[in-house]
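Structure first, commentary second.
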Amino acid sequence: MSVWYAEKKLVGYSMCDVRTMCRSWELSFAFGLLRGSELCTHFSLFSSVIMVDEAHERSLSTDILLGLLKKIQRRRPELRIIISSATIEAKSMAAFFNTSKKRREQEQGPTREPAILSVEGRGFNVEIFYVDDPVSDYVRAVISTVLSIHDQERTGDILVFLTGQDDIDAAIQLLTEEAQSSGKQGLVAVPLYSGLPRADQDLVFSPTPRGKRKVIFSTNIAETSLTLEGIVYVVDSGFSKQRFYNPISDIENLVVAPISKASARQRAGRAGRVRPGKCFRLYTEDYFASEMSIVGIPEIQRSNLVSCVIQLKALGIDNILGFDWPASPSPEAMIRALEILYSLGVLDDDAKLTSPTGFQVAEFPLDPLISKMILASCELGCTEEIITIAATLSIQSIWIPVRGVQKELDEAKLRFAAAEGDHVTFLNVYKGFIQSNKSSKWCHKNFVNYHAMRKVIEVREQLKRITQRLGIGLKSCEGDMQAVRKAITAGFFANASRLEPFSHNGMYKTVRTSQEVYIHPSSVLFRVNPKWIVYHSLVSTDRQYMRNVITVDPSWLTEAAPHFYQKQMHSSIPQ
DNA sequence: GAGCACTGC
């Protein structure tokens, strides 16, 4: 017996293999050899049990995987599936996989009602405390809670859950001030969020000095992604930043939102890893009991679905709207994804993958817009440049995230800044890095993140291999940035926006939906405000910001996607 | 004048 183990971190890897399995079924089905064929025998020997861990986290990949497994199980009744999940989700998971009713009707084999097995957790007991009255300012409440823990409780480090960098910086500053003014000693405040440079993140793991108490101020990175030792006290603000996608406007919002009970339990559990601990929740018990949602909204209902749809299409699942999800995404989001893929030429009139474009785009483990940009670069003869850009766009940031030395960072950026925009600036940085012989010193001098650049090189190599496999020649345009910009437009034409005439504050409107948007301050075109641009993504906080923008000629938009812009743009684009 | 967290290759 072999076991498939699809853990959160391995899901990507396992998905490839599930894909192989599915394709084989489609194949054998097509030949009418569903059971007992060579292929099927091979696969039933190959795997008889599949286990999915951390299913309660409801990430995009686990939800797709669960939907696929249910589909697979219908064809492979002998297949055993083990879903490991938090207690809170067990029943709904079981209900999702419960096909017993139907099966009995069809008199196909034994009852297949899923069994729920309960396994005791390994953690120590964590005592929970609530506030008596709702708090109005959770950063202040956090600090007073930390100070009183420090006063009244025995040794042990404190982990504080906040929402983002702003909160964390504010809290650390406030704690430093309060501790100073009240003469309190022995507290070591440490920030933790993903944008933090590597060396600073490592501080979190360094042992607490003797007689000191470490206070880690963290985003929800410490909730599931990494484990901290030595935590005895947890302070839970009750909030986190969450991404919400609006399919009508096609915009992703990053908003501070209340966490779910499942998250609250997960956070509390972080206090009980080494010995019995305590968790201080900065909300009332009544709120927890009666108002907090049981589980968070699954990622699939908060996301743009283009990648997801293309993945399923590539598996041969054509009836996307009828796919059985653990939680169904909204029809609007589905339709929007289909519409975007159609406009990219990835899907045809029957919503089937086009050949070769659709199949080629599906080969890349990237956002389909980026994959399309790579394919377009082939004809324009700038694939060398475009895969560098594609690799850079899939990295969070190539700049060193520093606060306080903002001016120096901006000046460093100017050395690479290109009038065309951010994508071309990336090319300049990449060129400089290669010319420096991939030197970390060079990076340091130029405020470039060395680890990020190594990653860019690595991803670029992989993209190069895929393009070669697809038979795309690696041509360079030798400095012809118009070709590069056209290739970007071929993928991102839907993300075009135009500077509002007479705008004094750099307001743009998106061509497609006339949304009010602004160039992100991190862009080299910030304050430059060229008339027509195409952006990579929108980030929405208090305003809608376009991140990574490039200047375009509006005629390229209609050229790249006549069907897409025909009706809506007629009036706004000069011919 | 601003960045919750993750993933593919």
Side-chain angles (χ1 to χ4, degrees), chain A residues 6-17 19 54 57-65 161-169 192-197 218-226 237 239-244 252-257 259 263 266 296 299 302-303 307-308 310-311 314 362-368 370-371 374 387 390-391 393-403 406-407 409-410 413 449 455-470 505-506 518-523 525-527 537 539-548:
Chain A
E7 204 192 359
K8 180 182 50 170
K9 283 183 188 139
L10 295 176
V11 143
Y13 171 79
S14 310
M15 278 297 287
C16 301
D17 303 309
R19 181 196 285 201
E54 309 276 13
E57 283 181 18
R58 305 305 300 272
S59 67
L60 219 49
S61 338
T62 42
D63 271 19
I64 298 175
L65 193 55
F161 283 102
L162 287 166
T163 65
Q165 197 177 334
D166 278 339
D167 278 359
I168 291 171
D169 289 346
L192 176 62
Y193 44 83
S194 85
L196 213 57
S218 172
T219 59
N220 46 2
I221 189 170
E223 196 177 301
T224 50
S225 304
L226 54 87
S237 66
F239 291 97
S240 71
K241 269 192 194 167
Q242 290 164 37
R243 199 176 54 183
F244 289 92
E252 261 178 7
N253 278 289
L254 201 57
V255 291
V256 173
I259 60 168
S263 281
Q266 180 76 19
E299 200 179 3
R302 302 186 274 117
S303 308
S307 296
C308 182
I310 200 168
Q311 217 169 1
E363 280 300 308
F364 288 96
L366 300 164
D367 183 335
I370 296 187
S371 316
I374 297 176
I387 59 170
L393 289 173
S394 66
I395 303 294
Q396 282 198 350
S397 170
I398 56 165
W399 306 105
I400 291 177
V402 272
R403 274 191 174 180
Q406 203 56 54
K407 218 177 127 204
L409 173 62
D410 285 349
K413 257 189 203 175
N449 185 337
K455 187 87 185 148
V456 167
I457 301 249
E458 193 188 306
V459 174
R460 191 182 182 281
E461 280 306 308
Q462 285 160 343
L463 294 179
K464 195 165 141 183
R465 279 200 292 276
I466 301 177
T467 49
Q468 280 165 345
R469 203 173 65 216
L470 293 177
N505 58 351
Y518 297 84
I519 294 181
H520 195 277
S522 66
S523 168
L525 293 185
F526 179 64
R527 289 211 182 105
S537 61
V539 188
S540 179
T541 46
D542 52 333
R543 272 181 177 184
Q544 327 275 13
Y545 287 108
M546 301 176 279
R547 283 180 72 181
N548 298 326

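So you know, we letter chains A, B, ... as the sequences are listed, proteins then strands, and number each from 1.
By the 4.5 Å heavy-atom criterion applied to side chains, A/Ser522 and A/Lys413 are counted as neighbours.
Of all heavy-atom pairs between A/Phe364 and A/Leu470, the closest is CE1-CD1, 3.6 Å. Nearest heavy-atom pair across A/Ser394 and A/Val459 is OG-CG1, 3.9 Å.
With B/dG3, B/dA5, B/dC9 as the choices, the nucleotide that has an atom nearest any side-chain atom of A/Ile466 turns out to be B/dC9. Checking B/dA5, B/dG8, B/dC4 against every side-chain atom of A/Pro365, the shortest atom distance belongs to B/dG8. Listed nucleotides B/dG3, B/dC6, B/dG1 differ in distance to A/Pro521; the shortest reach to its side chain belongs to B/dG1. Side-chain proximity of A/Asp166 to B/dA5, B/dG3, B/dG1: nearest is B/dG3. The side chain of A/Arg243 lies closest to B/dC4, out of B/dC4, B/dG1, B/dC9. Comparing B/dC4, B/dA2, B/dC6 by their closest approach to the side chain of A/Asn220 singles out B/dC4. Taking every side-chain heavy atom of A/Tyr545 into account, B/dA2 is the closest of B/dG8, B/dA2, B/dA5.
Side chain of A/Arg547 to main chain of A/Ser537: no donor-acceptor pair is present (N/O by atom type, distance under 3.5 Å, no hydrogens or angles). Listed for the A/Ser237 side chain is a donor-acceptor partner under 3.5 Å among the backbone atoms of A/Phe161.
Using a 4.0 Å heavy-atom cutoff across all strands shown, A/Arg527 reaches at least one base atom of the nucleic acid. Among the atoms of the strands shown, only primed sugar atoms or phosphate atoms (P, OP1, OP2) are found under 4.0 Å from some heavy atom of A/Ile221. Heavy atoms of A/Glu299 sit under 4.0 angstrom from at least one base atom.
Nucleotide B/dC9 holds its P atom 17 Å from the CD atom of A/Gln468, rounded to whole Å. As rounded to whole Å, 12 Å separates atom P of B/dC9 from atom CD of A/Glu458. Protein atom NZ of A/Lys413 is 15 Å distant from nucleotide atom P of B/dG1, rounded to whole Å. Straight-line distance from the CZ atom of A/Arg302 to the P atom of B/dA5: 14 Å, rounded to whole Å. Remark: C1' of B/dT7 and CD1 of A/Ile395 are 12 Å apart, rounded to the nearest angstrom. Here the P atom of nucleotide B/dA5 and the CD atom of A/Glu223 are 12 Å apart, to the nearest Å. Computed from coordinates, the A/Leu525 CG to B/dG1 P distance equals 17 Å when rounded to whole Å. Note: CD1 (A/Ile457) to C1' (B/dC9) measures 15 Å, nearest angstrom.
Under the side-chain contact (heavy atoms from CB on, under 4.5 Å) criterion, A/Gln396 pairs with A/Ser194, sequence neighbours left out.
Each of A/Arg469 and A/Asp410 was matched to the nucleotide of DNA chain B holding its nearest heavy atom; the match closer to the 5' end belongs to A/Asp410. When the nearest nucleotides of DNA chain B are assigned to A/Gly195 and A/Phe364 by heavy-atom distance, the more 5′-ward of the two goes with A/Gly195.
The base of B/dG8 is not paired with the side chain of A/Asp367 by any donor and acceptor separated by under 3.5 Å.
Between A/Ser240 and B/dC4, a side-chain N or O to OP1/OP2 separation shorter than 4.0 Å is absent. Under 4.0 angstrom from either OP1 or OP2 of B/dG3 there lies no side-chain N or O belonging to A/Ser397.
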